[in-house]
Amino acid sequence: MNRSPARGVDVVKHVGIAAVAVAIVVIVSPGIGTQPISVIEAWRHWPDDSSAVHHIAFDLRLPRAVTALVAGATLALAGGVFQTLFRNPLATPYTLGIASAGSLGALIGLKMGLAGTLLGLPQYSWCALLTSAMVVGLIFLLAGTTYRLSGNALVLAGVTIGLFCGAMMMFVTYVSDVRETFAIVRWMMGSLEKYGYGEITGIIGPLIVSWTVLIACAGRLNQFEMGDELAASRGVNLFRLHLATIGFASLATACIVSVCGPIGFVGLIVPHAARLVIGRDHRVLLPAVALWGAVFLVVCDWFSVLAPVWAGRWTGMESTAAPLPIGVVTALVGAPLFLVLLGRSRRVE
Amino acid sequence: MNYDQHARTGKHGQASTLARATRESECGGPLLQVAGLTFGYDASPAFLGPLDFDVSRGSMLAVVGPNGAGKSTLLRLTVGLLTARGGTISLRQCPIERMTHRQRASTVAFLPQSLSAPPDLSARQVVLLGRYPRRGFRWFESNADHRAADRCMDVTHTLAFADRRLDTLSAGERQRVHLAAALAQEPELLILDEPTAALDPYYQLEVFGLLRWLCSERGLTVVVVTHDLNLAGQRCDAVLLLANGRAAAYGSPAESLRPDVLASVYGVRFEIASLARDGRPWLLPVETVEKKAR
């Protein structure tokens, strides 16, 4: 781990490398998929919006990659902030019950047969956003009325809300027919399959505001790690810090859950892995975590698309399988990678 | 430099008194003024106060008293971590509730009793974190901040292990690192809650010697909570003895640390083992007696 004080050169080094990685995955993404279209061929058809190659590369693959970039960045950033804020290495963007609440809302929407769109977002996404917002409001109420509910108590409240919503989801699934149940289970696995940029455009405004606020809190989070009293005595307004970070991390997470469903693991392991390599300074860590989270989810998405194709080739059978659920792949790719990093860092120490 | 020897030789004595008198006349009055201060949690009756005292610039006040007397609460009120129920706490004659968080942090540095810094931070990183109130809107510390941190580490003799992890340092070394971080804030008032609680006698004397030196040579004002009555009596300019949230005694060490007062506050009979040249007592706890003030 880096134990030198952070300077501007660290941003260039750590954030710069991550930014280059993001640029590379954006460039490569139109060439990754089940259809054998190379990266060069895809970009050669960029101006030709009437061709089938353009349609596959830039109406299907690139929006999917952009969705993964945005979702990965948001979840990793929110996870990194929550792990510091709750002083809990197991904290994730879903710790406060946002994912469960969003899933419950989406399930109710799916059960009610809301298939249309509203302002670019599917109607069930609005349901997810609404229930997530209700939970964020409840968390604010708890945090605002009694400020002492800031640490472990908020985590416990979040877990309780999550369990409640989980039970309600089981109830909704129980009263659904087979077709609805399949749609519900599929939504619960998370999905990045998007056509065009409509849904991401619908949530990008609040997301940009949230990213900005969370990264702007980096210096205060450095102080917060030293303890409440020390941070407050150095001029950090702890109440405002809690409201800003909890509010915007939850808002951003709710937006992602409403569009992509609950995608696990990104918000847990990417911040940890980045911390092992980059160090604890949030001023470098948080921007890098967001960028590496984006890269991680895009690479996982490639794997989810290509794994069935590779499996078909190895078994000698023509594969027609749909992409693997993204939540499964993030765990498959992320867990071994994280364990390797953890083992390496322990050896170095 | 051995700060304790420096403090004991009394080199700072006359010069610091003169410097203090000059600073007070320049700045008009004490740095910290507490008047009619009371505090209680929520709707419960006030358990602290009313308290009245002031601390001159460049002087060192020890706050002593039995467990639960309200010492740490008084410090938290002074730093602004708690809000007083009544009375005022003024810094440079400005009530602290009128100051912004950052203004307060630029004037007062606080070293709490329990420190929870991540153990994998280096000493230099911890000290640089103390520059936060001085950093303004800059994203990273400037070269001037790094130089200031180096100066503070030099003063606290921590420069030699600046790049070592906190968890590889001894308790005394860690405490000096945190003290360096507090000094890096460039405060006018330094408030410490039992800074020598986990230290052996050598480091206890070293830390108090350093605080004494900072008062006399750098013009720093120090308020320190301690259970060591001899350190308080020998190294501080004034002693505030708290009992049940009220001042049982307040004044010079010779005035405050009288065996009869201490016996009523602590329930312990003290004997004066010897007196320093300036009348400061060396106290020896002998036996428990009936408590009166508890």
Side-chain angles (χ1 to χ4, degrees), chain A residues 1-15 83-84 87 89 145-148 151 212 215-241 272 275-287 345-346 348-349, chain B residues 72 75-76 78-82 99-135 137-143 145-146 149 162-168 178 181-182 184-185 187 191 193:
Chain A
M1 187 198 286
N2 186 2
R3 283 195 289 277
S4 304
R7 291 180 186 245
V9 69
D10 294 300
V11 176
V12 175
K13 193 171 82 180
H14 293 297
V15 181
Q83 281 162 17
T84 299
R87 298 193 174 106
T145 49
T146 50
Y147 170 57
R148 285 168 215 166
T212 308
I215 291 174
C217 289
R220 295 179 189 88
L221 288 170
N222 281 347
Q223 297 296 331
F224 183 77
E225 272 201 317
M226 302 294 290
D228 285 5
E229 289 190 335
L230 211 50
S233 73
R234 286 177 180 166
V236 176
N237 186 327
L238 294 179
F239 186 66
R240 277 194 211 161
L241 178 70
H272 278 300
R275 208 173 270 126
L276 289 173
V277 177
I278 295 169
R280 283 188 175 274
D281 194 326
H282 291 79
R283 296 168 298 178
V284 181
L285 181 70
L286 290 185
S345 75
R346 289 285 173 264
V348 169
E349 281 176 24
Chain B
S72 297
L75 293 200
R76 290 191 184 98
T78 313
V79 181
L81 301 177
L82 297 172
M99 301 169 84
T100 64
H101 283 69
R102 205 168 272 260
Q103 279 174 336
R104 221 157 40 205
S106 302
T107 312
V108 185
F110 179 46
L111 196 59
Q113 188 180 357
S114 56
L115 293 156
S116 58
D120 52 358
L121 287 181
S122 71
R124 192 187 297 278
Q125 284 176 315
V126 171
V127 177
L128 271 171
L129 281 169
R131 293 295 296 169
Y132 178 76
R134 299 276 168 192
R135 218 178 62 216
F137 292 104
R138 288 192 308 276
W139 193 246
F140 290 109
E141 291 82 11
S142 64
N143 288 334
D145 291 322
H146 281 264
D163 296 315
R164 276 174 53 193
R165 287 166 53 119
L166 276 190
D167 58 1
T168 66
H178 287 296
Q185 279 179 245
I191 294 180
D193 195 354

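Side chains included, hydrogens not; waters and symmetry mates left out as well; all remaining heavy atoms used. So that the names make sense, note that chain A is the first sequence line, chain B the second, and so on, each numbered from 1.
The two residues H101(B) and V236(A) have their closest heavy-atom pair at CD2-O, 4.0 Å. For A181(B) against R234(A), the heavy-atom pair with the smallest separation is CB-NH2, 3.5 Å. Considering all non-hydrogen atoms of both residues, A105(B) and G235(A) come closest at CB-N, 3.6 Å.
More than 12 heavy-atom neighbours from other residues, nucleotides or ligands sit within 6.0 angstrom of CZ on R138(B).
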Assess whether side-chain contact (heavy atoms from CB on, under 4.5 Å) is satisfied between L121(B) and E225(A), documenting all intermediate values.
CA-CA 11 Å; L121(B) 287 181; E225(A) 272 201 317; 5.6 Å; no
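Contact of L81(B) with chain A is made through the side chain alone, with heavy-atom distances under 4.5 Å. Residue contact with chain A, scored on non-hydrogen atoms closer than 4.5 Å, involves the side chain of V79(B) exclusively.
You'll find the side chain of L230(A) reaches within 4.5 Å of the side chain of P112(B), heavy atoms only. Proximity of Y132(B) to N222(A): side-chain heavy atoms (C-beta onward) are nowhere separated by under 4.5 Å. With contacts defined as side-chain heavy-atom distances shorter than 4.5 Å, the pair Q125(B)/D281(A) does not qualify.
In this structure, CZ in F140(B) is found 5.5 Å from CZ in R283(A), a value given to the nearest 0.5 Å. The line from CZ of R76(B) to CD of E229(A) is 4.0 Å long, rounded to the nearest 0.5 Å.
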